[in-house]
Amino acid sequence: MARVQEIRYGIEITKPFSNEMYIHNDKVSIEMKSNIKDAIEEAFRRAAGLVAADGGMDKGEEDLQEISKAICGYGFGNGYELADIVTETLYDLDNIANWSIHQEYGWLYKNGLVPVVEQGMIGFTSFDIYFSTDGYNN
């Protein structure tokens, strides 16, 4: 029986990953990281009371904590300054592996914390359920 060739975004999915797959995922990772950084900054501004928004400061801090947990893998308890949470989260975001950001972005999107991206990563377990109606997985 012949193997069915899977193609996404014009790229053949291979195992092991091809250079073309790595390049694609690196480009998607840049967009995801940029969106997450924007979400971190926006949540921080709300949590610090720098902007008025639905849910107020408490919702801003809750969102910052949720983003931080997704990226760092742990939460920050009482006693942490908002700026410290932001600093640690941004550091971990800069160093996150593509497979991890792929997974966490899907979770963050599902929970309304980040916007949809134009294209998803390829070669990993699919998270189509999160993006089935908005064009994430074209």
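Residue indices begin at 1 and follow the sequence shown.
The side-chain contact (heavy atoms from CB on, under 4.5 Å) test applied to Ile23 returns Lys27, not counting sequence neighbours. Taking Tyr80 as the reference, Phe76, Ile85 meet the side-chain contact (heavy atoms from CB on, under 4.5 Å) condition, with sequence neighbours excluded. Remark: Asp92 engages Ile71, Cys72, Tyr74, Glu88 in a side-chain contact (heavy atoms from CB on, under 4.5 Å) (not counting sequence neighbours).
Inter-residue side-chain proximity for Asn35 and Leu108 is flagged as unmet; no heavy-atom pair is nearer than 4.5 Å. You'll find the side chain of Glu42 stays beyond 4.5 Å of the side chain of Leu113, heavy atoms only. Considering only heavy atoms from C-beta on, Trp107 comes within 4.5 Å of Glu66 through its side chain.
Taking CG from Leu82 and CD1 from Ile40, the interatomic distance works out to 12.5 Å, rounded to the nearest 0.5 Å. Atom CD of Glu31 and atom CD of Gln119 lie 8.5 Å apart (nearest 0.5 Å). Considering CD1 of Ile11 and CD1 of Ile13, their distance stands at 7.0 Å, rounded to 0.5 Å. Rounding to the nearest 0.5 Å places CG of Asp58 at 11.0 Å from CZ of Arg46. Annotation: the span from Met121 atom CE to Asp26 atom CG amounts to 7.5 Å, rounded to 0.5 Å. Ile101 contributes atom CD1, which lies 11.0 Å from atom CZ of Phe124 (distance to the nearest 0.5 angstrom).
Judged purely by atom type and a 3.5 angstrom limit, His24 uses its side chain to pair as donor or acceptor with the backbone of Gly120. The backbone N or O of Asn25 lies less than 3.5 Å from no partner atom in the side chain of Ser29, so there is not a single donor-acceptor pair.
Summarising the geometry of Tyr105 relative to Val117, their closest heavy-atom pair is OH-CG1, 3.5 Å, with the distance given to 0.1 Å. Across Ala47 and Gly60, no two heavy atoms sit closer than the pair CB-C, 3.6 Å.
Hydrophobic clustering keeps Met57 apart from Val51 (ILVMFWY residues linked when any side-chain heavy atoms are closer than 4.5 Å, directly or through intermediates). Tyr91 and Ile96 are assigned to two separate hydrophobic clusters, defined by single-linkage of ILVMFWY side chains at heavy-atom distances under 4.5 Å.
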Could you go step by step and tell me if Phe44 and Leu50 meet the side chain to side chain contact (heavy atoms under 4.5 Å, CB included) rule?
CA-CA 8 Å; Phe44 171 78; Leu50 301 174; 4.3 Å; yes
Under the side chain to side chain contact (heavy atoms under 4.5 Å, CB included) criterion, do Lys33 and Ile30 qualify, and how do the steps go?
CA-CA 5 Å; Lys33 287 179 180 183; Ile30 290 168; 5.9 Å; no
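Crowding of Asn19 atom CG: a count of heavy atoms from other residues, nucleotides or ligands under 6.0 Å not exceeding 12.
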